[in-house]
Amino acid sequence: MLQLQHIRENKNGIIDALKKRSLDAEPMLSAILELDEKRRGLQTELDATLAESNKLSKEIGMLFKSGNAAEANALKEQTAGLKEASKKLGEELTSTTSALEEQLYQVPNVPHESVPAGASDEDNEEIFREGDIPKLAEGALPHWELAKKYDIIDFELGVKVTGAGFPVYKGKGARLQRALVAYFLDKNTEAGYTEVQPPHMVNEASGYGTGQLPDKEGQMYHVQADDLYLIPTAEVPITNLHRGDMLSPEDLPIKYTGYTPCFRREAGSYGAHVRGLNRLHQFDKVELVRIERPEASYTALDEMTEHVKVILRELKLPYRILRLCGGDLGFTSALTYDFEVFSTAQDRWLEISSVSNFETFQANRLKLRFKDENGKRQLAHTLNGSSLALPRVLAGILENYQTKDGIEIPEVLIPYCGFDRID
RNA sequence: GGAGGAAUGGCAGAGUGGUCGAAUGCGGCAGUCUUGAAAACUGUUGAGGGUCACACCUCCGGGGGUUCGAAUCCCUCUUCCUCCGCCA
C-alpha cells in the first residue's frame with residue numbers, strides 16, 4: 001500500500017511512473033485524495049465535537065463532586081446533541097476511511113526508475129546470461145518422461161491421493177529434492193541468513209500484511225473451518241514475523257531464509273506449459289527475506305541477486321536474469337529480477353527465482369518500522385527472493401544432466417545425495 | 001474436549017465509574033558528582049492522528065454495548081496460565 005502522504009506530495013510523479021504498468025492511475029489517485037480530504041475534514045469535526053463533550057463531562061463530574069447535582073443534571077441535557085452528532089460523524093468517518101482504504105489497496109507499487117515500460121513478459125529486459133546450454137543427444141526427454149523412466153516422480157499417484165498438481169517424489173527423486181533443500185539452506189546460512197521454520201498456514205491479518213489479500217484471495221487455499229490460509233510462499237509468514245514492529249537501527253538488516261512447501265490454487269492455464277513440474281499446486285521452495293533501511297535496500301537487492309547467481313553457477317545450470325517490465329511486475333514490487341534456467345529438453349526458459357524489492361509497500365501495510373538515530377520513525381524496506389523454487393530446479397537438472405542411460409548429479413549435490421547418478 | 005483464572009506503557013506491577021494516558025519499581029535517555037566508570041542524586045521517557053508550532057482527538061488484548069463520563073460495569077471474540085481428559 002502506498003503512503004498517503006507520498007500520494008499527496010507526488011501525485012503526478014506516481015501517475016507517470018505507473019504508466020510503465022500500462023495503468024492510468026489518475027482517476028484512482030484523484031478519488032483517493034478526495035476521500036482523504038473528506039476523511040480529514042470529518043476527523044477534525046469529530047475531534048471538536050468530542051472535545052466539547054469531554055469538557056462538559058468533566059464539568060459534570062466536578063459539579064457532582066461538589067454536591068451540585070441540580071446544575072450537573074442541567075448540563076447533562078446539553079450533551080445529548082453532542083452525542084448524537086459525534087455518533088453520526090463517527091459513522092461517516094468509518095465509512096469514508098474504509099472507502100479510502102479500499103481504493104488505496106487497488107493501487108500497485110510504483111516501479112523503480114530502472115523498470116522498463118511494457119505490457120507483458122515479452123518486454124522484459126534480459127540483463128545477464130551465463131552458462132553453456134548443453135547439446136543433448138538425440139532423443140533427449142523432458143523431465144516428466146525422465147521421471148517416469150527412472151521412477152523418481154509419480155504424478156498419477158499424486159492424482160489418486162490428492163489431485164492433479166500434487167506429485168509424489170520417490171526414491172532418488174525424493175532424496176535429490178531433500179538434497180537441494182539442504183544445499184540451499186546451507187548456502188543461505190553461510191551468507192548470513194538466519195534459518196527459520198515458519199507456520200505453513202497464516203491468518204487473515206498476515207495475508208493483508210504482505211499483500212496477498214484482498215486482491216489475490218483466489219490464489220490461496222482457504223481453510224474455512226478455522227479461517228486460515230495455506231501459504232503460497234514462505235514470504236508471507238516470514239515477513240509477517242515483524243508485522244507491527246518498531247525496530248532499532250542495530251536490528252537492521254534482518255536476513256532470514258526458510259524452507260516451506262508452498263500451496264497455490266493457480267486456477268486457469270492448463271496445457272503443455274504446465275506439464276510435469278512446471279506448475280503445481282504444492283511445491284517446495286527455499287526463500288530469502290530481508291528487512292532493510294531504505295537507503296540500503298537496493299544494495300541488498302544486488303546482494304541477493306549475486307547470491308542466487310552463485311548457486312546457479314555451482315549447479316552449472318544455464319540461466320539468464322530478466323528485469324521485469326512494468327506490465328509483468330508484481331502488484332507489490334518496485335523492482336523484480338527473474339531468474340530463468342534453460343530447459344534444453346523443453347527448449348524453453350523456466351522461471352526458478354524471483355528477487356524483489358518492495359520498498360515500503362509491504363511495510364506500510366505491515367506497520368513495520370524502525371526508529372532511526374534521530375529518533376525519527378521510518379518505514380523499513382522489505383525484500384524477498386526465492387532460492388530457489390525446487391520443482392523447476394529439479395526439472396532443469398533432470399533435463400540438462402541427462403545422458404543416454406542415466407542422469408548425472410551436479411557435483412555440489414553429491415555429498416547431499418549420497419549418490420552421483422540416477423539410473 | 002471439560003472446569004477455573006488472567007490480559008494495563010520496553011519489562012514488572014497498582015488502579016473496580018469522574019482532571020487516569022494511567023501510581024510505583026526496573027530498564028532507557030540527559031545531567032550533577034568523578035581523571036574515567038560504578039554508585040548516588042536530579043530531570044526525562046508509550047503510540048497514532050492533527051498543527052508551521054500549539055490546541056485538540058484516539059488508544060489500558062480485539063470488537064460491540066451501558067453511561068453526561070469506562071482501564072474500571074455488561075456482551076462477545078482472541079490469546080495466555082492452572083487442573084482434568086485425549087494425543088504425535
Side-chain angles (χ1 to χ4, degrees), chain A residues 1-9 32-101 103-104 197-209 213-214 222-229 237 240-252 254 261 360 362-380:
Chain A
M1 180 166 65
L2 295 180
Q3 295 170 79
L4 258 178
Q5 199 188 339
H6 187 232
I7 298 177
R8 272 183 224 141
E9 288 163 5
I32 285 168
L33 289 179
E34 213 168 287
L35 283 167
D36 176 46
E37 201 162 314
K38 185 177 170 199
R39 203 211 85 229
R40 285 192 291 164
L42 285 167
Q43 181 79 64
T44 307
E45 219 177 318
L46 177 62
D47 284 358
T49 311
L50 288 174
E52 185 65 27
S53 162
N54 286 343
K55 210 177 107 199
L56 281 177
S57 288
K58 271 179 192 169
E59 278 173 36
I60 291 170
M62 284 193 282
L63 286 171
F64 270 124
K65 225 173 193 175
S66 60
N68 207 336
E71 220 171 305
N73 283 319
L75 270 185
K76 266 195 197 180
E77 281 167 34
Q78 285 187 35
T79 61
L82 289 172
K83 223 184 157 185
E84 183 101 351
S86 63
K87 194 182 169 198
K88 198 166 146 256
L89 284 168
E91 280 164 6
E92 248 182 288
L93 181 65
T94 306
S95 67
T96 307
T97 304
S98 58
L100 175 61
E101 271 183 1
Q103 290 282 320
L104 218 41
Q197 290 192 14
H200 297 169
M201 292 200 261
V202 294
N203 57 29
E204 197 180 36
S206 293
Y208 273 94
L213 295 174
H222 186 202
V223 181
Q224 285 184 351
D226 299 285
D227 200 18
L228 295 172
Y229 295 87
N240 272 285
L241 294 177
H242 291 284
R243 168 153 47 90
D245 278 7
M246 180 69 73
L247 301 165
S248 309
E250 62 268 23
D251 295 329
L252 299 172
I254 291 172
T360 59
Q362 288 183 332
N364 192 27
R365 290 195 187 186
L366 290 161
K367 297 239 174 329
L368 169 44
R369 294 161 301 169
F370 71 99
K371 206 177 255 188
D372 69 19
E373 287 75 3
N374 304 319
K376 211 183 139 214
R377 285 176 288 275
Q378 299 190 42
L379 290 171

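Chain A is the first sequence line, chain B the second, and so forth, proteins listed ahead of strands; every chain is numbered from 1.
- The two residues A/A363 and A/L379 have their closest heavy-atom pair at O-CD2, 3.6 Å.
- Residues forming a side-chain hydrogen bond (donor to acceptor under 3.5 Å, both in side chains) with A/R365 (at least two apart in sequence, or on another chain): none.
- Straight-line distance from the CE atom of A/M62 to the P atom of B/rG18: 14 Å, rounded to whole Å.
- Pair assignment for B/rA40 gives B/rU32, based on Watson-Crick or G-U wobble hydrogen-bonding distances that are each under 3.5 Å.
- Remark: nothing in residues 86-99 of chain A comes within less than 4.0 Å of RNA chain B through any heavy atom.
- Between the P atoms of B/rG28 and B/rA39, the separation comes to 9 Å (whole Å).
- For B/rC59 and B/rG9, the P atoms lie 15 Å apart once the distance is rounded to whole Å.
- Here A/D245 pairs with A/H242 under the side-chain hydrogen bond (donor to acceptor under 3.5 Å, both in side chains) rule; sequence neighbours left out.
- For the P atom pair drawn from B/rG4 and B/rC41, the interatomic distance equals 48 Å after rounding to whole Å.
- Annotation: side-chain hydrogen bond (donor to acceptor under 3.5 Å, both in side chains) contacts of A/Q224 (sequence neighbours excluded): none.
- What you find for A/N364 and A/L2 is that their closest heavy atoms are ND2-O, 3.2 Å.
- A gap of 23 Å separates the C1' atoms of B/rC83 and B/rA88, to the nearest Å.
- The salt bridge (Lys or Arg N to Asp or Glu O under 4.0 Å) pairs that include a residue from residues 71-81 of chain A number zero, where partners must be two or more places apart or lie in different chains.
- Between A/T49 and A/A85, the closest heavy-atom pair is CG2-CB, 4.2 Å.
- The partner of B/rA12, taking Watson-Crick or G-U wobble pairs whose two distances both stay under 3.5 Å, is B/rU24.
- When Watson-Crick and G-U wobble pairs are counted only if both distances are under 3.5 Å, B/rG50 pairs with no nucleotide at all.
- When both pairing distances are held under 3.5 Å, B/rU19 makes no Watson-Crick or G-U pair with any nucleotide shown.
- Across all strands shown, nothing is found opposite B/rA71 as a Watson-Crick or G-U wobble partner with both distances under 3.5 Å.
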B/S/- contact track for nucleotides 49-63 of chain B, protein heavy atom under 4.0 Å: BSS----SSS-----
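- Crowding of A/Q5 atom CD: a count of heavy atoms from other residues, nucleotides or ligands under 6.0 Å not exceeding 12.
- With sequence neighbours excluded, the residues that form a ring pair (Phe, Tyr, Trp, His ring centres under 6.0 Å) with A/H222 are A/Y229.
- Not counting sequence neighbours, the partners of A/R39 by the salt bridge (Lys or Arg N to Asp or Glu O under 4.0 Å) test are A/D36.
- The two residues A/L42 and A/T96 make their nearest non-hydrogen contact at CD1-OG1, 3.4 Å.
- The salt bridge (Lys or Arg N to Asp or Glu O under 4.0 Å) contacts involving residues 79-98 of chain A comprise nothing, where partners must be two or more places apart or lie in separate chains.
- Considering only residues two or more places apart in sequence or on other chains, A/S206 meets the side-chain hydrogen bond (donor to acceptor under 3.5 Å, both in side chains) condition with A/N203, A/R243.
- Using atom C1' as the reference point in both B/rG48 and B/rG21, the two lie 13 Å apart (nearest Å).
- Atom P of B/rG61 sits at a distance of 15 Å from the matching atom of B/rG13, rounded to the whole Å.
- A 3.5 Å limit on both hydrogen-bonding distances identifies B/rA6 as the Watson-Crick or G-U partner of B/rU79.
- Base pairing analysis places B/rC87 opposite nothing; no Watson-Crick or G-U wobble pair with both distances below 3.5 Å involves it.
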Listing time: all N or O pairs from protein to nucleotides 68-71 of chain B that are below 3.5 Å?
{"residue": "B/rC68", "atom": "O4'", "partner": "A/T79", "partner atom": "OG1", "Å": "3.3"}
{"residue": "B/rC68", "atom": "O2'", "partner": "A/S57", "partner atom": "OG", "Å": "3.1"}
{"residue": "B/rG69", "atom": "O4'", "partner": "A/S57", "partner atom": "OG", "Å": "3.2"}

Each nucleotide N or O in nucleotides 45-48 of chain B that has a protein N or O under 3.5 Å away: list the pair and distance.
{"residue": "B/rA47", "atom": "OP1", "partner": "A/K371", "partner atom": "NZ", "Å": "3.1"}
{"residue": "B/rA47", "atom": "OP1", "partner": "A/R377", "partner atom": "NH1", "Å": "3.1"}
{"residue": "B/rG48", "atom": "OP1", "partner": "A/R369", "partner atom": "NH1", "Å": "2.9"}
{"residue": "B/rG48", "atom": "OP1", "partner": "A/R377", "partner atom": "NE", "Å": "2.5"}
{"residue": "B/rG48", "atom": "OP2", "partner": "A/R377", "partner atom": "NE", "Å": "2.9"}
{"residue": "B/rG48", "atom": "OP2", "partner": "A/R377", "partner atom": "NH2", "Å": "2.6"}

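- The P atoms of B/rA38 and B/rU32 are separated by 14 Å, rounded to the nearest whole Å.
- Shown here for A/P237 and A/P198, the closest heavy-atom pair between the two residues is CB-CB, 3.7 Å.
- Summarising the base pairing, B/rC60 is matched to no nucleotide, lacking a Watson-Crick or G-U wobble pair whose two defining distances lie under 3.5 Å.
- Rounded to whole Å, the separation between the C1' atoms of B/rC20 and B/rA70 comes to 11 Å.
- When every heavy atom of A/L50 is checked against every heavy atom of A/S86, the shortest pair comes out as CD2-CB, 4.1 Å.
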